[in-house]
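Numbered from 1 within each chain, the chains take letters A, B, ... in sequence-line order. Any value given below was found using the heavy atoms of this structure, including those in side chains, with hydrogens, waters and symmetry copies removed.
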Number of protein chains: 2
Amino acid sequence: MTNNYELYKVFYWAAKTGSLTQAAKALFLTQPSVSHAIKQLEDSFGITLFYRNSKGVALTQEGTILYSYIEKSQILISLAEEKMAALKNLDSGELRIGGSDSLFKHYLLPYLEDFHKRHPGIRLHLNHGTTPEIIAFLKEGRIDLGVVRMPIVDSQLDVRESIQLQDCFVAGARYAELKDVVLSLDMLLQYPVILFSRNSRARMAITELFQSYGHKLKPEIEVGSVDLLIEFARKGLGISYVTREFVSKELDEGALFEIQLDVRIPPSHVGIMTMRNMPLSSTASRFIELVR
Amino acid sequence: MTNNYELYKVFYWAAKTGSLTQAAKALFLTQPSVSHAIKQLEDSFGITLFYRNSKGVALTQEGTILYSYIEKSQILISLAEEKMAALKNLDSGELRIGGSDSLFKHYLLPYLEDFHKRHPGIRLHLNHGTTPEIIAFLKEGRIDLGVVRMPIVDSQLDVRESIQLQDCFVAGARYAELKDVVLSLDMLLQYPVILFSRNSRARMAITELFQSYGHKLKPEIEVGSVDLLIEFARKGLGISYVTREFVSKELDEGALFEIQLDVRIPPSHVGIMTMRNMPLSSTASRFIELVR
DNA sequence: AGGAGCTATAGACCACGTCTATGACTAATA
DNA sequence: TATTAGTCATAGACGTGGTCTATAGCTCCT
């Protein structure tokens with residue numbers, strides 16, 4: 001036995017208001033429709049659910065038992081509908097982003113702050129990892145979107161290109177003599193170089209660039225965070241390879257200056273990755289919209 | 001926002017089976033109907049609920065949230081439908097009967113035993129009281145049916161006449177000399193009479209009978225239970241006014257004998273009362289059917 | 001390349017749910 | 001007692017929306 005669940009909605013309101021007429025008003029129906037619906041339900045069970053009298057209706061013993069179930073059921077549905085509305089309005093929900101720590105700090109932070117201020121009900125989950133890890137997270141459905149350096153080639157992913165970033169070499173006061181000089185790559189190699197750890201994409205890119213000019217780039221120091229790259233350069237421990245946009249403060253203040261090279265380091269882009277052919281949550285698409 | 005609740009049934013099965021095709025089978029629909037229903041639900045929320053792929057469908061983050069509500073709701077409805085079926089089959093439920101203790105013991109007991117054996121899932125509630133109390137219980141909806149002595153005149157009640165009962169005077173061995181004598185009322189009054197307590201209908205009826213013949217019936221002893229009427233008569237404390245059918249055992253055994261009178265005591269009927277214009281529960285109507 | 005799954009889309013159709021109009025009843029008025 | 005205003009039930013007409021069939025598009029597997 002399986003009823004049209006619409007009938008339970010009608011039953012709920014009839015029982016709740018104690019009146020078919022009132023139920024009809026609540027449901028934007030006419031009274032005969034409600035009467036008919038209740039009759040259908042009663043016939044389907046072979047059980048009378050209401051006593052009818054001139055003041056309205058009252059649940060029978062069996063009707064009361066039915067109501068005890070249906071009431072809970074209807075309340076759950078109402079909660080579900082409210083919850084869906086909240087998700088839609090971005091009053092509730094969660095946004096799971098994967099990326100590198102440096103991109104979170106230097107690129108995404110202002111957007112995250114803004115988004116959180118606009119939608120305080122949405123919980124933010126930030127997962128850091130290397131590019132392949134981020135891609136794996138995406139494919140496992142553990143994050144909604146990933147933010148990494150381009151280029152990304154993966155047929156399962158959609159990648160939106162975001163701002164351009166320019167990597168460069170920077171030094172502190174200790175190497176002031178290089179400020180107005182244009183260096184060649186082999187000249188640069190005379191100085192101690194500080195690079196990010198081996199498996200990063202930026203590190204691989206610059207190593208390849210040197211290789212393509214017949215040079216071998218061997219760092220004096222390897223560090224695991226962008227902040228240390230900056231800090232070590234300031235302290236004069238060497239020349240750091242960093243993203244210009246991430247050291248704009250230090251460059252403006254004069255704490256660091258950019259080394260001019262006679263070769264052009266190709267710029268890179270930030271890419272926002274999502275799963276291709278998977279619908280985005282309204283939260284995720286709103287966030288992407290904000291970033292672009 | 002208020003959806004057609006049928007859509008939630010479809011959503012539930014689609015989520016549960018992870019396949020629109022399977023959901024369609026479970027619901028005896030075609031796959032396009034299910035596809036359409038899910039689309040309607042998604043459009044109504046403005047939220048994508050499922051990822052579609054070539055193996056079937058999988059809930060999105062938001063779909064999972066919706067499912068957590070809808071699953072509970074649907075399970076409650078299933079339980080409700082099962083419960084209604086159980087009530088209908090008399091596998092479950094309750095039957096509330098009002099009556100006097102003596103009628104329960106001497107008239108209803110075998111029916112109650114039989115009914116309980118057939119429908120062990122149904123809880124029996126027996127409420128004893130005087131006839132006006134029973135009627136009040138009925139009108140308050142505290143009992144489903146009342147079993148009392150006729151006649152009952154109440155326009156709000158339906159009364160079904162059941163078996164006939166014959167009241168009579170009985171005595172024990174102490175008054176053996178009356179065994180083959182036909183007594184007149186005034187002769188009877190020479191002996192100590194034991195009656196049921198003042199407000200009973202049987203007591204009122206016999207008092208009126210004596211009055212209509214110009215006699216005043218004044219009991220030597222008044223008792224509050226039929227068992228005591230019988231016991232006192234056996235012990236020779238007087239002549240008890242009892243219902244013949246309730247002392248058939250004692251009459252057969254010779255512990256008591258019936259006093260023959262020169263006037264006929266009108267028989268009375270047992271009446272089964274229910275509320276007029278109030279539908280009977282299937283349980284109650286089944287029981288009444290059994291009794292008649 | 002072909003087959004066997006899956007879901008989506010288009011368009012036709014008809015049952016069923018809704019409506020209006022009315023009746024029957026009750027309770028509380030005048 | 002008659003009136004009125006509120007119940008719910010019933011009958012019958014109407015039209016929409018849910019369901020169907022047919023088909024396309026896609027992915028995966030042989």
At under 4.0 Å, does any side-chain N or O of A:Gln40 touch on OP1 or OP2 of C:dG17? yes
Any salt bridge linking B:Arg149 with B:Glu161? Criterion: basic side-chain nitrogen under 4.0 Å from a carboxylate oxygen. no
N or O in side chain of A:Arg52 less than 4.0 angstrom from D:dT7 OP1/OP2: no
Could you provide the dot-bracket string of DNA chain C, using ( ) for intrastrand pairs, [ ] for crossing pairs and | for bases paired to another strand, with Watson-Crick or G-U pairs below 3.5 Å? ||||||||||||||||||||||||||||||
If the threshold is 4.0 Å, N to carboxylate O, is there a salt bridge linking B:Lys39 and B:Glu42? no
Phosphate oxygens OP1/OP2 of C:dT7: is one of them under 4.0 Å from a side-chain N or O of B:Thr21? yes
Per side-chain hydrogen bond (donor to acceptor under 3.5 Å, both in side chains), B:Asp114 is matched among B:His116, B:Lys117, B:Arg118 by B:Arg118
Enumerate donor-acceptor pairs with a distance under 3.5 Å from any side-chain N or O in residues 15-24 of chain A to protein atoms, sequence neighbours excluded.
from: A:Lys16; atom 1: NZ; to: A:Tyr12; atom 2: OH; distance (Å): 3.3
from: A:Thr17; atom 1: OG1; to: A:Trp13; atom 2: O; distance (Å): 2.7
from: A:Thr17; atom 1: OG1; to: A:Ser19; atom 2: N; distance (Å): 3.4
from: A:Thr17; atom 1: OG1; to: A:Ser19; atom 2: O; distance (Å): 3.0
from: A:Ser19; atom 1: OG; to: A:Thr21; atom 2: N; distance (Å): 3.2
from: A:Ser19; atom 1: OG; to: A:Gln22; atom 2: N; distance (Å): 2.9

If you assign each of A:Phe28 and B:Leu20 to its closest nucleotide in DNA chain C, which residue comes earlier from the 5' end? B:Leu20
What are the two closest non-hydrogen atoms of B:Phe196 and B:Arg203, and how far apart are they? O-NH1, 2.8 Å
Which whole-number value in Å describes the distance from B:Gln31 CD to D:dG18 P? 17 Å
A:Ser54 side chain N/O closer than 4.0 Å to the phosphate oxygens (OP1, OP2) of D:dG6? no
Taking only N and O in the side chain of B:Ser33, is any of them less than 4.0 Å away from OP1 or OP2 of D:dC20? yes
Examine C:dA8: is either OP1 or OP2 under 4.0 Å from a nitrogen or oxygen in the side chain of B:Ser35? Give yes or no. yes
Side chains of A:Phe137 and A:Ile97: does their closest heavy-atom pair fall under 4.5 Å? no
